[in-house]
Amino acid sequence: MTKSKGLLIAIIALILLLLVVSAAGHSTESPTQPYKAGNGKVILIINLTGTINAGTTNMFRSHLSSINNSSVKAVIININAGGGMLEQAFAIDKYITSTEDKGINVYIYVMPDGSASYTGTYIAMDGTGLYMAPGTSIGLSEPVIIGGTKAMEQNDIAQMEAIMGNMASSHGRNSTAAKSMVTNDSDYSSSQAASINLSNGSFSSMNAMLAGLNLSTYAKIYVNQSAYDQFLGYISNPLTAGIFMLIGIVAIFLDLYHGTIILSIIGVVMIGLGLLGADIIDASIFGLVLILLAGVLIFLEFKTSHGIALLSGLIVGLAGIYFLASSYGTSSPGYSPSPFGTDFFMSAIAIVLMGILLVAYISKILKSQKKEHYTGIESLIGHSAVVVTPMKTNGRGFVSVDGVQWSAINTGVDIRENDRVIIMERKGLTLLVKKI
């Protein structure tokens, strides 16, 4: 294996690491069980775990938008959720309100060892009834403005305080305590929430709650996220969307040196997925502009070839990823809490390392090209090469010379991948080769 191939493999490994890191925290739910009304009314139990995102909203839309009180007795939201987009939480609240308007009660149950925090609190407070397992908690609902001013932050907090207070009072709960979850980031245990009328009580299990609400005799339909919901949830994350766009730009740039259209195709697909995610989260225009600027700097490296433009582009790209979640140039009310944590810093380190390896890889290719320039264009004739793609007699394919791929025509017997061939002649950018 040549040194250039080793560098390329290391770069690809870092790209895969970035994809794994960006996927961290996205739990995989079991497939959704289709909703079917039986002979009598049923209880719809929706499992809501993890962060609140576009996939979560789609799950609620799929199962709540078409139900009616002739077939559904009640909806139970079995919750252990926190974090994500406030905009998505409010979209779910609309489906909850619409369900209540149909005469169907929506009960929230904070499952054992769980909590309703951050964005999850806004959903929990909007239920017809809110019940919590012993030892669980609710609160920590202060919104976060990424890259915003103090005035923007205070305005956002005031709006969220009013929303939370209205949700609580409209369902007969303690609006003062509810507002404190936003303004003071207050957190209440199940016993505290019940004692101050923030919740409607406590049950040790889901079955105990169903018995207490006289719902245990009804058939139950359990709802989890579908594969499509999980895809939406994965892509509708500013870190994921930003990394996809940045990796796509790097892949297309790398193809300028690597000599295969495959990387360009991968790059276009990655950029497309990133833009889809950015559209779903209503990403900040400022963040998108920074990523565009990063692309310009990265491609400037093709002209300068000293590594500075490439590394600068990656750093600007990291800033763009961060500001994708900003409220600049968007109507999104933001996140609760910040969507960036340890995974963002791990990604930043991986991206910088990828940049350093790219600089080394490009330097190796340029050194090979300079050597050819100094020794004449016919210097490759008589040298050996390694077959990259199998070729029949007079067939076309690719061979590798010092880690650089060349288009080739086989002038001898059939050759297989990894066979060694000798370069007989060069016609433009195509080598005529023959098996040794």
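Worth knowing before you read on, the calculation uses all heavy atoms, side chains too, and leaves out hydrogens, waters and symmetry mates. It should be emphasised that the depicted structure is a prediction, and the values quoted were computed from it without experimental measurement.
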Decide yes or no for [X] and [Y]: does some side-chain heavy atom of the first lie under 4.5 Å from some side-chain heavy atom of the second?
{"X": "V42", "Y": "K220", "value": "no"}
{"X": "T56", "Y": "T51", "value": "no"}
{"X": "L358", "Y": "V250", "value": "yes"}
{"X": "T389", "Y": "R396", "value": "no"}
{"X": "I77", "Y": "F60", "value": "yes"}
{"X": "M181", "Y": "M164", "value": "yes"}
{"X": "P143", "Y": "I157", "value": "yes"}
{"X": "M111", "Y": "T49", "value": "yes"}

When rounded to the nearest 0.5 angstrom, what is the spacing between [atom1] in [X] and [atom2] in [Y]?
{"X": "L290", "Y": "I315", "atom1": "CG", "atom2": "CD1", "value": "13.0 Å"}
{"X": "I92", "Y": "L64", "atom1": "CD1", "atom2": "CG", "value": "9.5 Å"}
{"X": "I356", "Y": "I351", "atom1": "CD1", "atom2": "CD1", "value": "12.5 Å"}
{"X": "L297", "Y": "L292", "atom1": "CG", "atom2": "CG", "value": "10.0 Å"}
{"X": "Y335", "Y": "I52", "atom1": "OH", "atom2": "CD1", "value": "13.0 Å"}
{"X": "I249", "Y": "L254", "atom1": "CD1", "atom2": "CG", "value": "13.5 Å"}

[Y] backbone acceptor or donor facing [X] side chain under 3.5 Å:
{"X": "N53", "Y": "S236", "answer": "no"}
{"X": "D93", "Y": "I96", "answer": "no"}
{"X": "D419", "Y": "V387", "answer": "no"}
{"X": "N78", "Y": "L48", "answer": "no"}
{"X": "D126", "Y": "M167", "answer": "no"}
{"X": "Q405", "Y": "S400", "answer": "no"}
{"X": "T136", "Y": "S115", "answer": "no"}

Is the distance from the ring center of [X] to that of [Y] below 6.0 Å?
{"X": "F286", "Y": "F323", "result": "yes"}
{"X": "F203", "Y": "Y109", "result": "no"}
{"X": "F340", "Y": "Y322", "result": "yes"}

Would you find more than 12 non-hydrogen atoms of other residues, nucleotides or ligands less than 6.0 Å from K102 atom NZ?
yes
Before you tell me yes or no, could you show the steps for Y218 and L210 under side-chain contact (heavy atoms from CB on, under 4.5 Å), namely the whole-Å CA-CA distance, both residues' side-chain angles and the distance that decides it to 0.1 Å?
CA-CA 9 Å; Y218 294 90; L210 292 175; over 6 Å; no
With sequence neighbours excluded, residues passing side-chain hydrogen bond (donor to acceptor under 3.5 Å, both in side chains) with [X]:
{"X": "S205", "result": "none"}
{"X": "D279", "result": "none"}
{"X": "S186", "result": "S180"}
{"X": "E417", "result": "none"}

Among side-chain atoms of E100 and T128, is any donor-acceptor pair under 3.5 angstrom?
yes
Would you say D101 and S98 are linked by a side-chain donor-acceptor pair, where the criterion is simply a distance under 3.5 Å?
no
Could you give me the CA-CA distance, side-chain angles and deciding distance for F90 and Y122, then say whether ring-ring contact (aromatic ring centres under 6.0 Å, His included) is met?
CA-CA 8 Å; F90 298 151; Y122 294 87; 5.6 Å; yes
Please tabulate, one pair per line, all N/O donor-acceptor pairs under 3.5 Å involving side-chain atoms of residues 427-436, not counting sequence neighbours.
none

Quick one: closest heavy-atom pair of G313 and A294, and the distance?
O-CB, 3.0 Å
Can you give me the closest heavy-atom contact between I252 and S264, atom names plus distance?
CG1-O, 3.9 Å
Decide side-chain contact (heavy atoms from CB on, under 4.5 Å) for I43 and I221; before the verdict, give the C-alpha distance in whole Å, the side-chain angles of both, and the deciding distance to 0.1 Å.
CA-CA 6 Å; I43 304 295; I221 299 293; over 6 Å; no
Verdict with supporting geometry, I280 and L232, side-chain contact (heavy atoms from CB on, under 4.5 Å)
CA-CA 8 Å; I280 291 173; L232 286 180; 3.9 Å; yes
Please step through side-chain contact (heavy atoms from CB on, under 4.5 Å) for the pair W406 and I423, ending with a clear verdict.
CA-CA 11 Å; W406 289 81; I423 300 170; over 6 Å; no
How are the rings of F244 and Y234 set to each other: parallel, tilted or perpendicular (split at 30° and 60°)?
perpendicular
S62: which residues meet the side-chain contact (heavy atoms from CB on, under 4.5 Å) condition with it, sequence neighbours left out?
N58
